2 protein chains.
Amino acid sequence: MTIKISIDCMGGDHGSAVTVAAAISFVNREPDAELILVGREEAIRAELKKHRAAAHPRLSIVHAEEVVTMDDPLEVALRRKKDSSMRVAITMVKDGRAQACVSAGNTGALMAISRYVLKTIPGVDRPAICTLIPNQKDKPTYMLDLGANVDCEPQHLHQFALMGSALVASSEGRSMPTVGLLNIGEEDIKGNEVVKQTAKLLRADHEKGVLNFYGNVEGNDIFKGTTDIVVCDGFVGNVVLKASEGLGRFFKVVLTAEFKSNPLNMLGALIARGALKSISKRMNPSRYNGASLLGLRGLVFKSHGGADAYAYEWAIRRAYDAAKNDVLSRISASIAELMPQVEAPAAGVPSAISAPIQ
Amino acid sequence: MTIKISIDCMGGDHGSAVTVAAAISFVNREPDAELILVGREEAIRAELKKHRAAAHPRLSIVHAEEVVTMDDPLEVALRRKKDSSMRVAITMVKDGRAQACVSAGNTGALMAISRYVLKTIPGVDRPAICTLIPNQKDKPTYMLDLGANVDCEPQHLHQFALMGSALVASSEGRSMPTVGLLNIGEEDIKGNEVVKQTAKLLRADHEKGVLNFYGNVEGNDIFKGTTDIVVCDGFVGNVVLKASEGLGRFFKVVLTAEFKSNPLNMLGALIARGALKSISKRMNPSRYNGASLLGLRGLVFKSHGGADAYAYEWAIRRAYDAAKNDVLSRISASIAELMPQVEAPAAGVPSAISAPIQ
């Protein structure tokens, strides 16, 4: 079966120069992938020509006149730019013309348009952003929310745990992945009210056998790989993610500067270049590019805005894997099963955009 | 003038084995320092003897029978163990027998006892924990709160900014250090209500010329060194700090493993050992050990519980520097000046412990 993915070619800091190159590379690697390149036809065609892929049988172009910029306020992106590459790419998922969509555009706009066009899964109040973070065990830690929801109630964090669990179960093939609740200590008495109440909900699920709740985890557990999933509100998640990116860059700057500081260090670096390459590969955030917008009735993946073609290709790969593993039905089924108070998916009334989205 | 510092010798994972060794080393480095070693006399005396410092003229022992353990609930530490080394060391600051106190014990107990014994500075509702974090500019970023306050109102974050500013002004000799408010984006519309309201208070102070408010900063700015001070609530601060420690350890594990992975890499590491040493030094969290409990009517410093003698000595150094630079009067003066609604320091009624302390 062919996996069709729509690509918002205009999103991100580098637009079509990066997205089209990544699409070509990916489609050449995966014989059952078909990519729909959405955006300004002329720009996309020029890129395809540059890479001698103008006639690729599994790459097609859908023209969209407008582009959502990084500075566009939400209402402009949502109400005024109805023919944006971002919106057209998402609409293709809604219409069943693509199984997933990838964009490197403005996160707030992507979430708002996705929510408006696709609606949320019944039982989910708020979609969340879930990303992969490398850890010491060399398997990813899935962390959510990363910034879609700055203020969360316990039921939201509870839903994030269920969605994350369903995602890891289908993506990684682990039937009962462990869930940790991000807190400032392991003990039950630690943390604020929201976290304490959330722990009670997760513990109840654990006792019912529907969720593998590990308990509270602390910041260092993210990189230790203590649990498969780490749940937190979007404010904390976003700050932690960006702080980690910042520390990673700091480390790289120090490493580079010290190994270039004198001829002896440079010689050592030359001899141990295998080690340095391997370190750089293991710590490379590009390999972990591609966050999922979870809780929507369709698969949407967000690439880092500054991604290069290599990193962007990873985001396409996540979308492809999620579509192939049918992550969406699994999440919907889990939520429906685990939250019995929710009506059957078909009868559910999708909620409109109400909460502020960042 | 002699600077007297009381040391809670029993606190921390290693107790007197680390604290006494660090105290001896420090006192030998600073001719105007006098350290009062508080704890079980026998244990302290044995350590002094081991290091041949039993007769050091600037080291004295004050016996305290009890020890606050890491697992002691707050009420036990506060109400039952009135003769703990931690409490006796803090009381010496209150009584003017020491200008500052250092402990590696249980953070929650240290904050609770300090607050109970010393009381807060008039105008400060809640003390905060402030630590130093290395950044790309090779000067520290001061970050607070690190976990004393899990739920903060805008006026609390406002007070943290004022206290942090006074601390940096006196410790680093920078008259108007920059203050950043930790958020999930730079724009004013980003973040939760508490952060938005805090920004208004800080902006008003900036316009009055009493605070150098830079604006919102993001997680990566902590390590970039964008501002001298980063203000956040204790939940976010604690998670970010521990996540950074975790990522640091992850780097170290990867670095060590890769450079030991084969003889060629080992040879490279041997030749470039200068670079590796320098990297390890620049990224070493021990150099940044010693967090201040700000907002109290006395100087209290918290060392990492797992600190070795080298790291613990850094915590003593921070306490010594703060006492020498008269940080306490400067903070009290700043708070009194910047918050004109507050009564004069002498007339202020200290608040009792009411908020939950983590």
Side-chain angles (χ1 to χ4, degrees), chain A residues 73 108 134-136 147 150-151 182-185 189-193 195 218-224 232 234-236 238-251 253-255 258-262 264-279 282-283 358, chain B residues 73 108 134-136 147 150-151 182-185 189-193 195 218-224 232 234-236 238-251 253-255 258-262 264-276 278-279 282-283 356 358:
Chain A
N135 65 41
Q136 276 188 46
V150 289
D151 286 301
L182 194 57
N183 202 340
I184 61 167
I189 55 149
K190 288 291 173 85
N192 53 33
E193 256 334 285
V195 167
E218 299 185 71
N220 51 321
D221 290 302
I222 301 166
F223 298 100
K224 255 196 202 165
C232 59
F235 192 97
V236 173
N238 188 283
V239 168
V240 167
L241 185 72
K242 287 183 183 156
S244 307
E245 287 173 359
L247 182 54
R249 263 194 297 274
F250 177 26
F251 189 72
V253 165
V254 169
L255 208 69
E258 295 299 340
F259 276 112
K260 284 187 176 166
S261 61
N262 66 46
L264 203 61
N265 289 336
M266 283 167 81
L267 176 67
L270 190 69
I271 292 170
R273 64 185 176 282
L276 287 168
K277 229 181 207 168
S278 190
I279 291 164
R282 283 179 71 182
M283 308 304 285
Q358 301 298 322
Chain B
N135 65 40
Q136 275 188 47
V150 289
D151 287 301
L182 194 58
N183 202 341
I184 61 168
I189 56 149
K190 287 291 174 85
N192 53 33
E193 255 334 285
V195 168
E218 299 186 72
N220 51 321
D221 290 302
I222 301 166
F223 298 100
K224 255 194 201 164
C232 59
F235 192 97
V236 173
N238 188 283
V239 168
V240 167
L241 185 71
K242 287 184 182 155
S244 306
E245 286 173 358
L247 182 53
R249 263 194 296 274
F250 179 26
F251 279 143
V253 166
V254 170
L255 209 68
E258 294 300 341
F259 277 113
K260 285 187 175 167
S261 62
N262 66 46
L264 203 61
N265 288 337
M266 283 166 80
L267 177 67
L270 190 68
I271 292 170
R273 64 185 176 280
L276 287 168
S278 190
I279 290 163
R282 281 178 71 182
M283 307 303 285
Q358 301 299 321

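Below, chain A is the first sequence line, B the second, and so on; all start at residue 1. Values in this document were obtained by computation on a predicted structure and should not be read as measured data.
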Enter the distance from [X]:[atom1] to [Y]:[atom2] here, rounded to the nearest 0.5 Å.
X        : Y        : atom1 : atom2 : value
B:Phe259 : A:Leu276 : CZ    : CG    : 4.0 Å
A:Phe223 : B:Phe251 : CZ    : CZ    : 8.0 Å
A:Leu247 : B:Lys224 : CG    : NZ    : 14.0 Å

Just so I understand: if I count every heavy-atom pair under 4.5 Å between each of [options] and chain B, which residue has the most?
options                      : answer
A:Gly246, A:Pro73, A:Gly219  : A:Gly219
A:Leu241, A:Val254, A:Asn262 : A:Val254
A:Leu264, A:Leu267, A:Ile271 : A:Ile271
A:Asn183, A:Val240, A:Asp221 : A:Asn183

*For A:Val253, is it the side chain, the backbone, both, or neither that has a heavy atom closer than 4.5 Å to a heavy atom of chain B?*
side chain

*In terms of heavy-atom proximity below 4.5 Å to chain B, should A:Pro134 be classed as side chain, backbone, both, or neither?*
both

_Most contacts with chain A, counted as non-hydrogen pairs under 4.5 angstrom, among B:Cys232, B:Ser244, B:Gly234, B:Gly268_ = B:Gly268

*Top of B:Val195, B:Leu270, B:Leu255 for chain A proximity - count of heavy-atom pairs under 4.5 angstrom*: B:Leu255

_Student check: side-chain heavy atoms of A:Ile184 and B:Val239 closer than 4.5 Å_ = yes

*asked:* List the residues meeting side-chain hydrogen bond (donor to acceptor under 3.5 Å, both in side chains) with B:Asn220, not counting sequence neighbours, and say none if there are none.
replied: none

*Excluding sequence neighbours, so at least two apart, what forms side-chain hydrogen bond (donor to acceptor under 3.5 Å, both in side chains) with A:Asn265?*
A:Ser261

